[in-house]
Amino acid sequence: MQSKATDPTEYINSLPEDRKVVMTQLRKMVQSNLPKGFAEVMSYGMLGYVVPHKLYPSGYHVNPKDPLPFLAIASQKNFIAIYHMGIYSDSKLLEWFTKEFPKHSSTKLDMGKSCIRFKKIDQIPLKLIGELVKKMTVKDWISLYEGQLKK
């Protein structure tokens, strides 16, 4: 479900009340742990966290007019999603996260390549998400991204 909201506040305010609460908590956790340099934007109808053009002028290879995406959070129809490109691109980070997850949640990890899905919105391990978010700097992400492009 892509939102037509033009800014993060409008996005949050457009959600049902139960989703508004959890998305606000998740957004605050991301914002308070995200390394310096990333910027919050609306990206693909979700709350996106990107490397702005001022730090990475090349932008996203799919559409260079877009800043380089790193992370997004979204309220989807049946779940809350976190899309973390670092997990998709860094096997060590993925391994760390999959080992840590059971220590923070009694639910089974529901994950795609870069998508972490939470069907029980009251059981999102916010502290773990905060730890995940701060594990990769802008410099780390650009280096990893460029390494993947060369493959």
Side-chain angles (χ1 to χ4, degrees), residues 1-52 55-56 59-63 65-138 140-142 144-145 148-149:
M1 292 175 30
Q2 284 193 350
S3 171
K4 296 193 186 322
T6 58
D7 67 64
T9 301
E10 183 183 348
Y11 178 82
I12 296 284
N13 289 336
S14 72
L15 299 173
E17 207 54 45
D18 61 334
R19 295 292 183 98
K20 197 180 294 187
V21 170
V22 73
M23 285 295 292
T24 298
Q25 292 170 336
L26 187 55
R27 180 183 182 206
K28 284 180 183 175
M29 184 58 72
V30 168
Q31 289 173 323
S32 65
N33 286 284
L34 198 65
K36 289 185 191 254
F38 290 106
E40 183 182 63
V41 298
M42 286 302 298
S43 179
Y44 301 96
M46 301 178 275
L47 295 181
Y49 300 88
V50 301
V51 179
L55 297 179
Y56 191 69
Y60 187 35
H61 73 280
V62 174
N63 183 355
K65 291 180 181 178
D66 290 340
L68 178 61
F70 172 63
L71 174 79
I73 57 176
S75 175
Q76 303 293 13
K77 183 177 180 182
N78 296 312
F79 54 88
I80 298 291
I82 300 169
Y83 302 90
H84 192 291
M85 296 307 293
I87 273 187
Y88 176 68
S89 303
D90 183 344
S91 60
K92 289 180 183 176
L93 185 60
L94 174 61
E95 182 180 343
W96 170 83
F97 185 77
T98 55
K99 284 184 179 177
E100 283 297 309
F101 188 84
K103 298 175 188 176
H104 297 265
S105 179
S106 60
T107 62
K108 182 181 176 201
L109 180 58
D110 182 3
M111 221 176 139
K113 289 183 179 181
S114 71
C115 177
I116 308 162
R117 293 176 287 273
F118 298 98
K119 291 180 182 161
K120 296 181 179 181
I121 64 172
D122 60 333
Q123 294 184 11
I124 298 174
L126 293 171
K127 184 178 176 190
L128 177 63
I129 300 306
E131 288 295 313
L132 171 64
V133 167
K134 68 179 157 184
K135 286 202 172 278
M136 191 170 286
T137 65
V138 167
D140 295 337
W141 173 229
I142 292 171
L144 189 59
Y145 172 75
Q148 295 293 319
L149 281 180

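Y145 and H61 have tilted rings, their planes meeting at an angle from 30° to 60° on a 0 to 90° scale. In this pair, F70 and F38 present their aromatic rings parallel. The plane angle is below 30°, not in the 30 to 60° band.
Taking a 6.0 Å sphere around CZ of F101, one finds it holds more than 12 heavy atoms contributed by other residues, nucleotides or ligands.
Considering L26, L71, I73 as possible partners of I129, the one that fulfils the side chain to side chain contact (heavy atoms under 4.5 Å, CB included) test is L26.
The distance from atom OH of Y83 to atom OG of S43, rounded to the nearest 0.5 Å, is 11.5 Å.
A salt bridge links E17 to K20: at least one charged side-chain nitrogen sits closer than 4.0 Å to a carboxylate oxygen. For E131 and K135, the salt-bridge test fails: no basic side-chain N is under 4.0 Å from an acidic carboxylate O.
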Test log, rule side-chain contact (heavy atoms from CB on, under 4.5 Å), inputs M42 and L47: CA-CA 5 Å; M42 286 302 298; L47 295 181; 3.8 Å; yes
Pair I124-M29, side-chain contact (heavy atoms from CB on, under 4.5 Å): steps then yes or no: CA-CA 11 Å; I124 298 174; M29 184 58 72; over 6 Å; no
Between E40 and R27, is the side-chain contact (heavy atoms from CB on, under 4.5 Å) condition met? List the steps. CA-CA 10 Å; E40 183 182 63; R27 180 183 182 206; 2.8 Å; yes
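Using modelled atom types, one side-chain atom of T98 and one backbone atom of E95 make a donor-acceptor pair closer than 3.5 Å.
Taking both residues in full, the closest heavy atoms of L144 and G86 are given as CD2-O, 4.4 Å, listed atom of the first, atom of the second, then distance.
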